[in-house]
Amino acid sequence: LGKGASLHADHGAPFFTCSDDRFVQHVQSWVEQGVCATWHPEPYIWTGKQLNREVTQESLFVGMPEMRMISTHLATGIDVRMGLTVTGIDQTSAGWALRIAIRETPVAFNDPFDVVVMAAPPEQTARIFDQHSEQIRRQLADATTTPCWAHTIVLQGEARGLPGVLRVSGGESIQLVVNESAKPGRLRADALSLLVAHASVEWSASRYEAEPTVVGREMTDGLLSLLQSTTSDRFRLSEFSPVAAHRWGLARPSTPVSGRCAVDPDARLVACGDGFGGAGLESAFLSGHAAAEAVLALE
């Protein structure tokens, strides 16, 4: 790519939509501040035999210049500790204490906390809150989340005939292909195309314990075959294309929690996040909004 140059791929949430007035208001402010932008790709669906244009009225939004800039913007002015894993919580006379691990090495926070809010997949929250709140445990009992393998691919040349968003119906492995190079505000390298492929739920689950490099090779072969079928062009991998795929163990809420958040006012515990009242970035935002209201109500 050249000295000091780099390309960034959104191999988590590739884009998002918004419909709720509360979320729309925030997204509009992000657009005005340059944190995100509206994306108008031409979405298509591949049926295995033909490529059809998808008819949709939804506007898509992407972070600028990458999706994580939205969370970076929201974290401005907040004390955020990175690289820590909360392995448990303990109730003390002064409040809640967190058990923390850094690279699997246990450490501890001595400061007590009045309220603990956990924004994570419901299964993870249930493990942390399990011994401390029967009320929240019941609310999260039926929630399920499925895995997803994601792989970034760098191609030689410009993928001119490739849609911005390509969904695959009935495919064995790949379910979604996003042309990262077609997104607004992305750094583009000469004669290179950056794609991200997401695997289907079933295929991801069947290879849950597989080595990332093995999965990466399988997804690369599947994507190259798919591109040839949909565009009639032959694409070649760039020397910069990553080998290993990335597994999101708890990627897609399949059975969301019924409410926007779960609250135990007596224990002063709150659970929220993606998978509460729906799935996706908008649902996660609305869940966080509900959790904030619940915390304020505890005062």
Side-chain angles (χ1 to χ4, degrees), residues 10-14 16 23 63 67-68 70-75 78-91 95-109 111 113-150 198 201 204-205 208 246-265 267-296 298:
D10 299 321
H11 68 290
F16 66 95
F23 190 46
M67 286 294 288
R68 66 178 178 180
I70 296 174
S71 56
T72 300
H73 170 73
L74 293 175
I78 300 175
D79 181 10
V80 179
R81 312 290 178 90
M82 306 292 289
L84 307 179
T85 300
V86 177
T87 60
I89 58 175
D90 297 302
Q91 196 166 28
W96 288 104
L98 306 183
R99 277 179 271 139
I100 302 293
I102 301 177
R103 295 184 179 88
E104 300 183 357
T105 301
V107 296
F109 273 104
D111 293 338
F113 298 92
D114 295 331
V115 182
V116 175
V117 180
M118 188 163 179
E123 293 96 324
Q124 289 183 331
T125 301
R127 288 196 293 270
I128 300 298
F129 285 0
D130 181 62
Q131 299 177 359
H132 305 288
S133 175
E134 173 66 24
Q135 183 174 338
I136 291 181
R137 183 166 63 247
R138 288 198 306 268
Q139 293 180 67
L140 307 188
D142 297 327
T144 57
T145 310
T146 56
C148 176
W149 278 101
H198 288 191
V201 170
S204 295
Y208 191 85
H246 180 83
R247 186 192 71 191
W248 297 101
L250 297 171
R252 300 164 174 160
S254 51
T255 307
V257 179
S258 59
R260 284 295 181 191
C261 67
V263 184
D264 186 334
R268 301 180 73 80
L269 298 174
V270 181
C272 64
D274 188 12
F276 286 77
L281 196 149
E282 180 173 38
S283 289
F285 177 91
L286 295 175
S287 176
H289 192 279
E293 292 181 335
V295 171
L296 292 175
L298 295 176

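Starting from 1, each residue takes its place in the sequence as its number.
Counting non-hydrogen atoms of other residues, nucleotides and ligands closer than 6.0 Å to CG of Asp142 gives a total of 12 or fewer. By the 6.0 Å contact criterion, CD on Glu123 is enclosed, its count of non-hydrogen atoms from other residues, nucleotides or ligands being greater than 12.
Rounded to the nearest 0.5 Å, atoms NE2 (His198) and OG (Ser204) are 9.5 Å apart. Atom CZ of Phe129 and atom CG of Leu269 lie 4.5 Å apart (nearest 0.5 Å). The CD1 atom of Ile128 sits 13.5 Å away from atom OG of Ser133, with the distance rounded to the nearest 0.5 Å. Distance CD/Gln124 to OG1/Thr85: 9.5 Å, rounded to 0.5 Å. Atoms CD1 and CZ, on Ile89 and Arg99 in that order, are 8.5 Å from each other to the nearest 0.5 Å. Between the CG atom in Leu298 and the CZ atom in Arg268 there is a gap of 5.0 Å [rounded to 0.5 Å].
Across all non-hydrogen atoms, the minimal contact from Ala290 to Arg260 is CB-CB, 3.7 Å. Among all heavy-atom pairs drawn from Ala271 and Ile136, the shortest one is CB-CG2, 4.4 Å. Nearest heavy-atom pair across His11 and Ala150 is O-CB, 3.4 Å. Thr145 and Ala251 make their closest contact through CG2-N, 3.6 Å (heavy atoms, listed as atom of the first residue, atom of the second, distance). When every heavy atom of Leu140 is checked against every heavy atom of Ala262, the shortest pair comes out as CD2-CB, 4.3 Å. Minimum heavy-atom separation, Ser283 to Gly277: OG-O, 4.3 Å.
Scanning for ring-ring contact (aromatic ring centres under 6.0 Å, His included) contacts around His132 gives Trp96, with sequence neighbours left out. Among residues two or more places apart in sequence or in another chain, the salt bridge (Lys or Arg N to Asp or Glu O under 4.0 Å) test is passed with Asp264 by none.
Within the 3.5 Å criterion, the main-chain N or O of Thr144 finds no donor-acceptor partner in the side chain of Thr255. Proximity of a side-chain donor or acceptor of Thr146 to a complementary backbone N or O of Arg252 within less than 3.5 Å is detected.
Aromatic ring pairs are classed by plane angle as parallel below 30°, tilted from 30° to 60° and perpendicular above 60°; the pair His289 and Phe285 is tilted. Taking the six-membered ring where the residue is Trp, Phe16 and Phe23 present tilted rings, their angle falling between 30° and 60°.
Between Val116 and Val270 there is no side-chain heavy-atom pair separated by less than 4.5 Å. Considering only heavy atoms from C-beta on, Gln135 comes within 4.5 Å of Pro265 through its side chain. Taking the side chain as every heavy atom from C-beta outward, Pro253 and Asp274 approach each other to under 4.5 Å.
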- Decide side chain to side chain contact (heavy atoms under 4.5 Å, CB included) for Ile100 and Val86; before the verdict, give the C-alpha distance in whole Å, the side-chain angles of both, and the deciding distance to 0.1 Å. CA-CA 5 Å; Ile100 302 293; Val86 177; 3.6 Å; yes
